[in-house]
Amino acid sequence: MFCSRVALRRLQRIAVAPLNVTGSVTGASQKEMSTLPRVYITRQIPPEGLKILRESGQVQLELWDSDDVPVPRKELLQKVKGADALLCVLTEKIDAELLDAAGPNLKVLSTMSVGFDHLSLDELKKRLFFRVCVLFRGIRVGYTPDVLTDCVAELTVALLLTTSRRLIEATHEAKTGGWGTWRTLWLCGHELAGSTVGIFGLGRIGVAIAERLAPFKVKKFIYTDVAPRPELASIINAEYVSVDELAKRSDFMAMCCALTPETKEICNKDLFSKMKKTSIFINTSRGGVVNQEDLYEALSTGQIAAAGLDVTVPEPLPTSHPLFTLNNCVILPHIASASYTTRNAMSSLAANNLLLGLRGEPMIKPLKL
């Protein structure tokens, strides 16, 4: 466990540090800006990453200078034309249309996210282009895992406790006059002590969540994944089980898997029907792993006790959505990685991935296509 923490801190330092480029251009005055690789950034990213790119002297930048409104699709398709590299966030769909609009100059794609379901991997893999009579495959892709592990784990635990102990309901009652005399079962929730916690998708984040929950006297950790992961499981003494067993045995179930064709809406009526009526369901992975109509049915009928969601489909979730009518459903606006430290680390890692990719060097965190 100690070694994994040291490795994570080291990665965070590497991600944030500007690249040491021997003999690099230090400013546009030493080289005509027009000859530098052109980079388009689809969002006003946190300042540390932007600083790395601007001070590198290696690229000419253009960006959608807003953090409140995503770049309109029509404008994005115009701006990527002829770009050598693209730095995007998870709100931009990188598909065949965009790659066609960008053209053959596009060599590097760097996403400031750990999830990559917004990227059309098949399209990225099949992009072929000729340079100096040599066939090269695809576009190099970087992403930003690991640096957000601690932050996401903290938020997951906070969401779990908020949901299981009914804190949003309690705050509302205190504010609106519902706080009357002391009552024996009023606003009672479910505690972690003596419970079984199930983790759906055991990676670094799943392990970090379990490490934080263990001091609450959790009795047992169980997990499911595409295959057993004994090395990670040994850190938290977790037992590998099937999806059905995870649903049946978990008092608390935390979704930590990637969104893939196999996991799309895997949390559906069938899975919820196997869970305990006292179970708490938590999702900080991707909204697409849940069938939200089935979740609403499970919550509204008492099939499961409560749910805490940091991710939904779509995002933002319309305020008229039925899930917002339920007292036993806590919904957050996708803030799991929202700390100043983590978002700056993500933007810095994305920037360094991009610069390394343009130089033909190994990225710090490449996405294997």
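Values reported hereafter were calculated over all heavy atoms of this structure, with side chains retained and with hydrogens, waters and symmetry mates removed.
A donor-acceptor pair is defined here as one N or O able to donate and one able to accept, closer than 3.5 Å; such a pair exists between the side chain of Q292 and the backbone of V313. Between the side chain of D310 and the backbone N or O of H334, at least one donor-acceptor pair lies under 3.5 Å. No donor-acceptor distance shorter than 3.5 angstrom exists from the side chain of S234 to the backbone of N237, with no hydrogens or angles considered. Between the side chain of R166 and the main chain of N328, no donor-acceptor pair closer than 3.5 Å is present. A donor-acceptor pair is defined here as one N or O able to donate and one able to accept, closer than 3.5 Å; such a pair exists between the side chain of T263 and the backbone of A258.
A salt bridge is defined here as a Lys NZ or Arg NE, NH1 or NH2 lying under 4.0 Å from an Asp or Glu carboxylate O, and D122 with K126 fails to meet this definition. Residues E92 and R73 are not paired through a salt bridge, judged by the lack of any N-O separation under 4.0 Å between the basic side chain and the carboxylate. At a threshold of 4.0 Å, the pair K107-D84 counts as salt-bridged, since one of the basic side-chain nitrogens sits closer than that to a carboxylate oxygen.
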- request: Start with the C-alpha distance between C88 and H118, add both sets of side-chain angles, then the distance that settles side chain to side chain contact (heavy atoms under 4.5 Å, CB included), and finish with yes or no.
  value: CA-CA 10 Å; C88 69; H118 59 301; 4.1 Å; yes
task: Before giving the answer on side chain to side chain contact (heavy atoms under 4.5 Å, CB included), spell out for M275 and K248 the whole-Å C-alpha distance, their side-chain angles and the decisive distance to 0.1 Å.
output: CA-CA 5 Å; M275 294 175 68; K248 291 174 183 176; over 6 Å; no
- prompt: Under the side chain to side chain donor-acceptor pair (under 3.5 Å) criterion, do T278 and H190 qualify, and how do the steps go?
  reply: CA-CA 8 Å; T278 54; H190 301 274; 5.2 Å; no
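Aromatic pair F281/F272: ring centres closer than 6.0 Å. Ring-centre distance between Y223 and F200: not below the 6.0 Å cut-off.
Side chain to side chain, T301 and Q303 fail the donor-acceptor criterion of an N or O pair below 3.5 Å. A donor atom on one side chain and an acceptor atom on the other are found under 3.5 Å apart for T91 and R43. For S339 and T341, the side-chain atoms include no donor-acceptor pair closer than 3.5 Å. In this structure, a donor-acceptor pair under 3.5 Å is absent between the side chains of N327 and E169. When only modelled atom types and interatomic distance are considered, E48 and S348 share no side-chain donor-acceptor pair under 3.5 Å.
Put simply, the side chain of V197 does not reach to within 4.5 Å of the side chain of I222, judged on heavy atoms. Under the 4.5 Å side-chain criterion, counting only non-hydrogen atoms from C-beta, I282 is in contact with T163.
Among residue pairs with one or both ends in residues 285-306, those qualifying as salt bridge (Lys or Arg N to Asp or Glu O under 4.0 Å) are D117-R286; sequence neighbours excluded.
With sequence neighbours excluded, the residues that form a side-chain hydrogen bond (donor to acceptor under 3.5 Å, both in side chains) with T284 are T156.
Under the 4.5 angstrom side-chain criterion for Ile, Leu, Val, Met, Phe, Trp and Tyr, the cluster partners of W186 are W179, L187.
Within 6.0 Å of NZ in K51 there are 12 or fewer heavy atoms belonging to other residues, nucleotides or ligands.
A side chain to side chain contact (heavy atoms under 4.5 Å, CB included) with C267 holds for exactly one of V290, N283, N291; it is V290.
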